[in-house]
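Note that the structure is predicted; figures quoted are calculated from it, not measured. Ligands are counted one by one from 1 in listed order, and the atoms in each one are counted from 1 as well. What you see below is based on every heavy atom in this structure, not just the backbone, and it leaves out hydrogens, waters and symmetry mates.
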Amino acid sequence: MNARAATTITVAEPTPAVAAEPTPQLRRAEPCTMVIFGAGDLLHRKLMPSLFHLMGDGLLPDEFAVLAVARSQGDDDWFRTEVGNALRTFAQGGDGGPDAAAVRRFASHLHYLPGELDDMATYAALRRRIGDIDAAFPGGRGHLFYLAIPPSLYADAITRLAQTGVAPRVPDPRQRPWVRIIIEKPFGRSLASAVELNACVRRAFAEHQVYRIDHYLGKETVQNLLVFRFANSIFEPIWNRAHVHHVQITAAESVGVEHRARYYEEAGVVRDMFQNHLLQLLSLMAMEPPVTFSADAVRDEKVKALRAIRPITPDAMHDYAVRGQYGPGTIDGRPVPGYREEPDVAPGSATPTYAAIRFMIDNWRWHDVPFYLRSGKRLPHRATEIAIQFRKPPHVMFPMPPGETMEPNTLAIRVQPQEGITLRFEVKVPGIEVRTASVDMDFSYAEAFGELEHDAYETLLLDCMLGEATLFTRSDEVEAAWTAVDPILDYWAGKRPEHFPNYAAGAWGPAVADQFIAREGARWREP
Ligand code: BG6
């Protein structure tokens, strides 16, 4: 490989004649009251802006209300002002921010109830407030409960919601009004605690009422992975061990731990990114084609892929997983502190902020094909991608310069930013001699369709209100993902990382991660 050129493909107009089904139209949410437990960061940064955008797009009905329940003292007016301020910072709008009239209209749907979640009196008050809101809109309306609270409070809140009858079990998914609950990640902190939390959830609700959220599944490119794989016939025949050498899934972040060290110190990168987001990407990449696009058909196949992950034994751990923690360094030309110097981090913290893990999927399709997953904070820039590296041609008949080999073909799916797909292949460099070069055939979402504007939470909140659970994780999926990472967490918990910090902020992770992948004849891509 001597040179690199870029090729852009144009996007053809869709051909209506070949569509088997009519294009599904965006549906409006059903009338409902959304009760949000917790009024912190998630509510201000994500939930309120997403609901505001959905309302702006006409996807929420007039009979929609939010009732937030949190510890701060305040009333509806106070809460509406708070949310208005948050929208001016976090919601999209023109140059002057979101339209003031639209903010006022949205705020009129908001309500607030101060209360402690471990106090039964809060649930009695909650029941009354829900009753008052419902009374203003005759006719049945759904009730959606959203747990945006620290995970240690989930089980207690779920049990109290059920015991008090505020959120009753609804055995039949067709029953109206519906009752649903959204549970944020992390869902447990180990397999055992996830199993326990699932049991608690099951005592309270039927599985169809439960929406375990993983915001990666709401990302446009992640959903596109299903379309890319199963709406095209040219990729599936090569999507297997006969053609794929290995797969790399990277979620790189340039931010550090920010203000979340209290949570992060307990979690670390494997619980924060691998158990959920990265293993979700792996399962979508590796799964067999589902028979239908229904929630259970898709999730059945994902869970089969997760269950096929080879268990990692302690004696083989160093062949499968490496960890790192950032020290001081430079990001975008500006000095940044090391993890141990961040607020609320213990001075000798052993929490990993980087990990690289090799997962093997022991089934017919993927036998012997490594899936290298890595994620870290304070890497050079933000980039999430899935890259499939194909096998090299078995015999190269073209003369190569000494020391050079033919580059393998790569298909890279950029999840974010600059969402798109790039296929890299070899061509002949024009000229008298035969020289090869790698070129990129590039599909960019922004060029083809304009900038992606909506947030993953918009997709997921609307789906939940519509009873569409495909993009939410089922109990067995969550447990299968914990089964895959639990041995790594246990092993690391028993061995203090004496070498931390082992990468400087602004580097692509620790040197051991490069050696780890090089042992298998591969190297990390720079996304
Ligand atoms: C969250 C993690 O789930 O995902 C964060 O808790 C991480 O630590 C974030 O920064 C990354 O999400 P995104 O959408 O920015 O890739």
Side-chain angles (χ1 to χ4, degrees), residues 38 40-47 49-50 90 146-152 154 182-189 194 211-225 249-282 284 323-326 331 336 339 342-345 349 351-355 373-386 413-419 445 451-461 471-473 478 481-482 485 489 505 509 527:
D41 229 38
L42 181 68
L43 178 136
H44 290 99
R45 280 171 184 265
K46 292 290 182 187
L47 303 183
S50 296
F90 300 114
Y146 197 119
L147 300 188
I149 48 179
S152 56
Y154 289 170
I182 297 186
I183 305 175
E184 265 292 332
K185 63 153 276 231
F187 194 92
R189 62 181 323 278
Y211 290 69
R212 294 171 195 79
I213 207 162
D214 182 320
H215 77 279
Y216 264 55
L217 292 180
K219 289 183 190 280
E220 199 63 51
T221 18
V222 174
Q223 294 175 63
N224 187 39
L225 191 52
I249 302 181
T250 299
E253 298 188 273
S254 58
V255 292
V257 69
E258 300 177 289
H259 52 280
R260 298 165 66 227
R262 278 208 197 101
Y263 148 76
Y264 200 84
E265 276 281 89
E266 289 293 310
V269 68
V270 173
R271 291 189 181 90
D272 190 47
M273 294 294 290
F274 282 72
Q275 185 276 334
N276 35 68
H277 311 324
L278 291 192
L279 283 176
Q280 283 297 319
L281 297 183
L282 175 141
L284 290 166
R323 58 182 158 167
Q325 186 190 74
Y326 64 86
I331 298 266
V336 294
Y339 178 70
E342 304 270 22
D344 296 324
V345 173
S349 171
T351 303
T353 60
Y354 174 99
L373 274 52
R374 68 176 162 159
S375 179
K377 296 220 180 266
R378 286 291 189 218
L379 301 186
H381 54 87
R382 177 172 184 249
T384 302
E385 70 156 36
I386 303 169
I413 299 167
R414 292 186 303 281
V415 174
Q416 62 190 19
Q418 287 147 22
E419 293 82 354
Y445 263 83
E451 291 296 334
L452 299 178
E453 282 185 348
H454 65 274
D455 187 86
Y457 274 94
E458 291 172 42
T459 305
L460 296 173
L461 290 174
L471 301 179
F472 292 83
T473 44
V478 171
W482 276 116
V485 296
L489 292 168

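- Neither side chain, Tyr154 nor Glu184, offers a donor N or O lying under 3.5 Å from an acceptor on the other.
- Annotation: Gln418, atom CD; neighbour count of heavy atoms from other residues, nucleotides and ligands within 6.0 Å does not exceed 12.
- Salt bridge annotation for Asp344-Arg260: absent, with no cationic side-chain nitrogen under 4.0 angstrom from a carboxylate oxygen.
- Atom 15 (O) of ligand 1 has Arg382 NH2, 3.3 Å as its closest protein atom, hydrogens excluded (heavy atom only).
- At the top of the distance list for atom 6 (O) of ligand 1, counting protein heavy atoms only, stands Asp272 OD1, 2.6 Å.
- Residue Lys377 has at least one heavy-atom neighbour below 4.0 Å for each of these atoms of ligand 1: 5 (C), 7 (C), 8 (O), 10 (O).
- At distances below 3.5 Å, not a single donor-acceptor pair connects side-chain atoms of Thr473 with backbone N or O atoms of Val478.
- Among protein heavy atoms, atom 12 (O) of ligand 1 sits closest to His215 NE2, 3.1 Å.
- Nearest-heavy-atom check against atom 5 (C) of ligand 1 across Gln416, His277, Glu184, Arg260 picks out Arg260.
- Checked by atom type, the side-chain pair Glu385/Thr250 shows no donor-acceptor distance below 3.5 Å.
- Shortest contact from atom 9 (C) of ligand 1 to any protein heavy atom: Glu253 OE2, 4.0 Å.
- With distances taken over non-hydrogen atoms, the option nearest atom 14 (O) of ligand 1 out of Lys185, Met273, Lys219 is Lys219.
- Ring geometry for His215 against Tyr457 counts as parallel: the plane angle stays under 30°, on a 0 to 90° scale with 60° as the upper cut.
- Heavy atoms of Tyr216 found under 4.0 angstrom from ligand 1 belong exclusively to the side chain.
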